[in-house]
**Student:** 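Have a look at this one before I ask anything.
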Amino acid sequence: MNPDEVRTVFITGFPQDVKERELNNLLRFLPGYEASQMHWKNGQAQGFALFSNGATARTAIDSSHNLTFDETTTLRCELARKNMYIKDDQAAKRGRYGAEPQAAPYTAYAPNPAPQQPAYYQPSPVAAPAAMPAGPRAYTNVSNTKDNPPCNTLFIGNLGDTVSESELRNIFGTQPGFCQLKLNRGLKSVTCFVEYTDIASAMAVHASQQGAVLTSSDRGGIRIQFSKNPYGKKRDMAGNYVTTIPGQGPGDYMSQAASGYEPTTVPGEGVKAEGEPDPVA
DNA sequence: AGCACA
């Protein structure tokens with residue numbers, strides 16, 4: 001690899017009170033992610049994120065540029081002028097996709113103890129059971145210029161006509177926080193809605209699976225947008241959320257702030273427990 | 001680009 005190649009993404013547009021860990025958690029599931037850090041230049045937050053190479057860095061830019069970070073802020077992503085310097089303590093923030101460090105100074109501790117990511121992402125051969133479903137063949141850049149504000153429900157477009165529910169379950173149902181999905185065979189196009197327990201979990205999938213090329217894909221990768229309405233809800237004539245499926249409170253997933261990214265559930269345990277309070281900003 | 005619904 002060309003050591004001079006710029007593989008660092010420069011991100012601005014964060015709200016004043018953003019935390020570095022919000023940056024880390026926003027990006028850590030992207031292919032090629034290695035590390036990220038937040039700098040503050042006279043009160044303005046500036047994010048830097050290192051990827052394995054220029055290609056994965058550009059893919060990250062494509063999927064996060066103009067991303068609506070919260071109600072009032074939109075992120076600007078571009079290639080940095082020069083690569084960021086990785087401090088030793090960045091190791092704890094490393095993603096699981098990153099190339100292992102040459103001299104392996106990080107092997108003394110487990111960078112990512114949570115075994116919640118799909119096994120097909122695990123770089124270690126010993127950790128990859130043969131029975132795991134195959135992941136996406138590849139990722140392509142998809143245009144996603146008209147996305148909506150973050151929502152706990154994802155809208156999946158650009159699906160091939162032959163896409164199956166199990167194919168979608170393999171990719172979306174294995175992600176932390178998964179609740180349910182619905183495949184929709186329209187006359188003109190096939191779409192899918194995927195619900196997660198919280199916005200943070202949906203945001204992680206929105207970023208990590210953007211442009212995934214499925215076995216059935218015949219027109220490039222899938223396009224992932226945040227749904228206009230949370231699963232099980234619609235808007236009434238006054239524009240307020242109305243529950244259309246019993247068991248979900250009004251409006252909670254859209255008013256929840258896009259912070260506190262820790263997914264609270266593991267695959268298969270996505271359904272909110274009875275009486276559990278709604279997340280509060 | 002297409003936003004469904006016990």
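The chains referred to below are lettered A, B, ... by the order of the sequence lines, with proteins before strands, and numbering in each begins at 1.
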**Student:** Taking only residues two or more places apart in sequence or in another chain, which ones pass salt bridge (Lys or Arg N to Asp or Glu O under 4.0 Å) with A/Arg185?
**Tutor:** none
**Student:** If only atom types and distance count, is the side chain of A/His206 paired as donor or acceptor with the main-chain N or O of A/Ile224 below 3.5 Å?
**Tutor:** yes
**Student:** How close or far is atom P of B/dA4 from atom CD1 of A/Ile156, stated in whole angstroms?
**Tutor:** 15 Å
**Student:** To the nearest angstrom, how far is A/Asn152 atom CG from B/dC5 atom C1'?
**Tutor:** 14 Å
**Student:** Once you round it to whole Å, what is the distance between P of B/dC3 and CG of A/Asn158?
**Tutor:** 14 Å
**Student:** Can you list everything that forms a side chain to side chain donor-acceptor pair (under 3.5 Å) with A/Asn141? Sequence neighbours excluded, please.
**Tutor:** A/Asp62
**Student:** What's the CD1-C1' distance between A/Ile222 and B/dA1, to the nearest Å?
**Tutor:** 15 Å
**Student:** To the nearest Å, how far apart are A/Asn184 CG and B/dA6 P?
**Tutor:** 11 Å
**Student:** Between A/Phe193 and A/Phe155, is the ring centroid distance below 6.0 Å?
**Tutor:** yes
**Student:** Picking from B/dA1, B/dC3, B/dG2, which would you name as closest to the side chain of A/Phe193?
**Tutor:** B/dC3
**Student:** Quickly work out the A/Lys234 NZ to B/dA6 P distance and round it to whole Å.
**Tutor:** 9 Å
**Student:** Can you say whether a donor on the side chain of A/Thr191 sits under 3.5 Å from an acceptor on the base of B/dC3, or the other way round?
**Tutor:** no
**Student:** Out of B/dC3, B/dA4, B/dA1, which nucleotide sits closest to the side chain of A/Arg219?
**Tutor:** B/dA1
**Student:** Could you tell me whether A/Gly186 contacts a base, only the sugar-phosphate backbone, or nothing, with contacts defined as non-hydrogen atoms closer than 4.0 Å?
**Tutor:** nothing
**Student:** What's the CG-P distance between A/Leu187 and B/dA4, to the nearest Å?
**Tutor:** 13 Å
**Student:** Between B/dG2 and A/Arg185, counting only base atoms on the nucleotide and side-chain atoms on the residue, is there a donor-acceptor pair under 3.5 Å?
**Tutor:** no
**Student:** More than 12 foreign heavy atoms under 6.0 Å from NZ of A/Lys188: is that the case here?
**Tutor:** yes
**Student:** In whole Å, I'd like the distance from the NZ atom of A/Lys146 to the P atom of B/dC3.
**Tutor:** 12 Å
**Student:** Taking the side chain of A/Lys182 as heavy atoms from C-beta outward, which of B/dC5, B/dA1, B/dC3 is closest to it?
**Tutor:** B/dC5
